[in-house]
Amino acid sequence: MTGERIKGAAYLADYPAPKIVVECAVCSWRVQYDKKAMLDAGGDRPLTYLIDEIAQRQGCKFPKINPHRAQEHCRARYANIVSDYQRAKGE
């Protein structure tokens, strides 16, 4: 992805660890990538786009949100990032 950065979006270059770890408990998969290799191969891009790409490559059962069945959505997550919400809950 090239061009201007999306305001407020977290990008691959901003990822706080050298390894990108993504998992989905619903689809039963977990993958790990090298951050530098990903930047070299595909350039910097928003983490929200990246997780969708990874989930699709892993065969996600729910790659797109269905507005008629909101419970059926991709549940892939960055496993080695602790969100502010998780931190506040003490997770």
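As the structure is a computational prediction, the values presented were derived from the model and not from experiment.
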*asked:* Could you work out, with side chain to side chain contact (heavy atoms under 4.5 Å, CB included) as the rule, every residue matching A17, not counting sequence neighbours?
replied: Y15, N80
*Which heavy-atom pair separates K35 from A13 by the least distance, and what is that distance?*
NZ-O, 3.2 Å
*Does K36 have any side chain to side chain contact (heavy atoms under 4.5 Å, CB included) partners at least two apart in sequence or in another chain, and if so, which?*
D34, D40
*Donor-acceptor contact present, side-chain D14 to main-chain Y11, <3.5 Å*: yes
*Partner set under side chain to side chain contact (heavy atoms under 4.5 Å, CB included) for Q58, not counting sequence neighbours*: W29, V31, Y33, I54
*Which is it for I20 and L12 under the side chain to side chain contact (heavy atoms under 4.5 Å, CB included) test, yes or no, and what are the steps along the way?*
CA-CA 9 Å; I20 311 297; L12 179 56; 3.7 Å; yes
*Taking atom CG of L39 and atom CZ of R45, what is their separation to the nearest 0.5 Å?*
7.5 Å
*asked:* Please find the pair of heavy atoms, one from C27 and one from C60, that lie closest to each other, and give the distance.
replied: SG-CA, 4.0 Å
_From CG (D52) to CZ (R57), nearest 0.5 Å_ = 11.5 Å
*Please name the pair of heavy atoms, one in K19 and one in Q32, separated by the smallest distance, quoted to 0.1 Å.*
CD-NE2, 3.7 Å
*Counting distance only, does the side-chain N/O of R77 pair as donor-acceptor with the main-chain N or O of R75 below 3.5 Å?*
no
